[in-house]
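Throughout, a chain's letter reflects where its sequence line sits, starting with A, and its residues are numbered from 1.
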Amino acid sequence: MNHNLPLPCYICGPTASGKSALALEVAQRLDGEIVNADAFQLYRGLEIVSAAPSLEERGQVPHHLYGVLDPAESADAGSYLRLAQPVIGEIQSRGKTPVITGGSGLYLKFLTHGPAPLPTGDAALRAALDARPLADLVAQLQALDPLEAARTALQNRRFVARALEICLLTGGLASGLRDQWAAQTRELSASLRGYVIQRARDDLHARIAARTRAMLDGGALEEVAALVRVSPNCEKAIGLREIRALLAGDIDRATCEGLINAATRQYAKRQESWFRREQWLEPVHPAL
RNA sequence: GGCUCGAUAGCUCAGUUGGUAGAGCAGCGGAUUGAAAAUUCGCGUGUCGCUGGUUCGAUCCCGGCUCGAGCCA
């Protein structure tokens, strides 16, 4: 590691906690540039629904990796890492501080702790695995890699299929590869710096409700209506399904708003769980 | 005004032939290294509308009251 390069600064927190605004402040103070770490703000044409920074905000400080993917493309933590690393390196090489901000915990984790030596997901294999009963997958994983099976939440189809996928793709043991990564990543947190925004639940929920309303009033319907081809990956953005149902006349506006709020609150809760474990993050409690 | 039905968790409701009650959703907590705004695990949070009566014991049975829905006037 080159110690002359500015160390990145991470700004984390649940959705609607005010990450973009804080990142802007930090970037201005540190002479930095902002790098997106949000799985959905990567997509073009999803700016409103994904609550990406406004053009006005982007004008104040250079922003990177916003709207760089077509909605028809799919992404994953690995492809994000390959996208982000050169951008971050380039910012550092110019003597600027990368201010990395976003709510996608797994993507951030790839950045901070590196990828495990595991194969990329294989769409065809996944389709084949998805077609089989969970009990089958569990039995096969237990046969191929009993240690991995013991460590896996066997009710979670995703996790079982992924573990099995690794074994089948590598012809080896998923558990062994994961151990390798765990060993090399143990001391990394010490050299990281970053902040996590923490807000009282009531406050966060109020901010979520206000933001949802502003989205629906501010062009989200038109944005969703304009989406043509959307990858299964991008399809999962909160708000897409709900706004489509509204556009189709299946639900009314109040119902749509309520559904989006609930989904967003649940997402925010999962994010808080994730970031709570990242003990290297320093909590920040913004004044209202 | 009369009759009927309903009133149980934050919401929608189930249930107890009388022994203080349980589902879904919401909520809360957890897991989580290539789908992650995904996926998944755990947790019931309650003056059973109010008030008398019967009973060893009432959320349940009976009377009255209040509120809501419907029907008849």
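- For B:A37, neither phosphate oxygen OP1 nor OP2 lies less than 4.0 angstrom from any side-chain nitrogen or oxygen of A:R211.
- Below the 3.5 angstrom threshold, one finds no donor paired with an acceptor across the side chain of A:K269 and the base of B:G27.
- As judged by a 4.0 angstrom heavy-atom cut-off over every strand, A:S79 is placed among residues making no nucleic acid contact.
- Among the atoms of the strands shown, none is found under 4.0 Å from any heavy atom of A:V160.
- In B:G22 the O4'-C1'-N dihedral to the base is more than 90° from 0, which defines an anti nucleotide.
- One atom, CG of A:L169, and another, C1' of B:G34, lie 11 Å apart when rounded to the nearest Å.
- Among the heavy atoms of the strands lying under 4.0 Å from A:K236 are primed sugar atoms or P, OP1, OP2 only; no base atom is included.
- Taking atom C1' in both B:U12 and B:A31, one finds a spacing of 30 Å when rounded to whole Å.
- Annotation: B:U20 and B:G63 have their P atoms spaced 25 Å apart (nearest Å).
- Using a cut-off of 4.0 Å between Lys/Arg side-chain N and Asp/Glu carboxylate O, A:D217 and A:R253 are scored as salt-bridged.
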**Request:** Starting from the C-alpha separation in whole Å, work towards a yes-or-no answer on side-chain contact (heavy atoms from CB on, under 4.5 Å) for A:L118 and A:R162.
**Result:** CA-CA 10 Å; A:L118 302 174; A:R162 173 61 181 159; 3.6 Å; yes

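- Nucleotides B:U17 and B:C41 are separated by 38 Å at their C1' atoms, to the nearest Å.
- For the P atom pair drawn from B:G2 and B:C25, the interatomic distance equals 44 Å after rounding to whole Å.
- Residue contacts shown for A:T120 include a base, since a base heavy atom lies under 4.0 Å away.
- To the nearest angstrom, C1' of B:A36 lies 15 Å from CG of A:L81.
- B:A58 is unpaired under the criterion used here, namely a Watson-Crick or G-U wobble arrangement in which both key atom distances are under 3.5 Å.
- The OH-P distance, from A:Y43 to B:A35, rounds to 12 Å in whole Å.
- Across all strands, A:A39 comes closer than 4.0 Å only to sugar-phosphate atoms, never to a base (heavy-atom distances).
- When heavy atoms are screened at a 4.0 angstrom cut-off, A:D130 is found touching base atoms of the nucleic acid.
- In this entry B:U20 has no Watson-Crick or G-U wobble partner, no candidate having both defining distances under 3.5 Å.
- Within a 6.0 Å sphere centred on CZ of A:R58, other residues, nucleotides and ligands contribute more than 12 heavy atoms.
- Counting only N and O atoms by type, the side chains of A:E278 and A:W280 include a donor and acceptor under 3.5 Å apart.
- Residue contacts shown for A:R270 include a base, since a base heavy atom lies under 4.0 Å away.
- Contact between the side-chain N/O atoms of A:N233 and the OP1/OP2 oxygens of B:A37 is not found at any separation under 4.0 Å.
- Across all strands shown, the partner of B:G1 is B:C72, judged by Watson-Crick or G-U wobble contacts whose two distances both fall under 3.5 Å.
- Only the P atoms considered, B:U45 is 13 Å distant from B:A9, to the nearest whole Å.
- Residue A:R162 places at least one side-chain N or O under 4.0 Å from the OP1 or OP2 atom of B:G34.
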**Item:** A:D252/A:T255 under side chain to side chain donor-acceptor pair (under 3.5 Å): CA gap, chis, key distance, verdict
**Value:** CA-CA 5 Å; A:D252 62 19; A:T255 304; 2.6 Å; yes

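- Remark: P of B:A36 and CZ of A:R158 are 8 Å apart, rounded to the nearest angstrom.
- When the P atom is used for both B:U40 and B:G24, the distance is 15 Å, rounded to whole Å.
- Separation of the P atoms belonging to B:C28 and B:A38 is 16 Å when rounded to the nearest angstrom.
- Regarding contacts with the backbone of B:C28, a side-chain N or O of A:R201 is found under 4.0 angstrom from either OP1 or OP2.
- No side-chain donor-acceptor contact under 3.5 Å links A:H63 and A:E33.
- If you check every strand for non-hydrogen atoms under 4.0 Å, A:G114 touches a base.
- Residue contacts shown for A:R178 are limited to sugar-phosphate atoms, with no base heavy atom under 4.0 Å away.
- Listed candidates were B:G27, B:A36, B:G34. Nearest to the side chain of A:R265 is B:G27.
- Between A:L137 atom CG and B:U40 atom P there is a gap of 14 Å when expressed in whole angstrom units.
- Summarising the geometry, the separation between CD on A:Q266 and C1' on B:G27 is reported as 9 Å, rounded to the nearest angstrom.
- Note on A:A75: only backbone sugar-phosphate atoms sit closer than 4.0 angstrom, heavy atoms only; bases stay farther off.
- Taking only side-chain nitrogens and oxygens, A:S104 comes nearer than 4.0 Å to OP1 or OP2 of B:A37.
- Separation of the P atoms belonging to B:U59 and B:G52 is 12 Å when rounded to the nearest angstrom.
- Across all strands shown, B:A31 is found opposite B:U39 as a Watson-Crick or G-U wobble partner, with both distances under 3.5 Å.
- Put simply, A:Y80 has no side-chain N or O that comes within less than 4.0 Å of OP1 or OP2 on B:G34.
- In the model, A:D38 has no side-chain atom that pairs as donor or acceptor with a side-chain atom of A:S104 under 3.5 Å.
- A side-chain N or O of A:T15 and one of A:R211 form a donor-acceptor pair less than 3.5 Å apart.
- Regarding A:D38, its CG atom lies at a distance of 11 Å from the P atom of B:A36, rounded to whole Å.
- For A:F40 and B:A36, the CZ to C1' distance is 8 Å, given to the nearest whole Å.
- Nearest-nucleotide positions on RNA chain B for A:T15 and A:K109 put A:K109 closer to the 5' end.
- The pairing partner recorded for B:A7 is B:U66, the criterion being a Watson-Crick or G-U wobble arrangement whose two distances lie under 3.5 angstrom.
- Looking at A:E56 and A:Q60, their side chains do bring a donor and an acceptor atom within 3.5 Å of each other.
- Each of A:E165 and A:V49 was matched to the nucleotide of RNA chain B holding its nearest heavy atom; the match closer to the 5' end belongs to A:E165.
- Scanning atom types as modelled, no donor and acceptor separated by under 3.5 angstrom connect the side chain of A:D76 and the base of B:A36.
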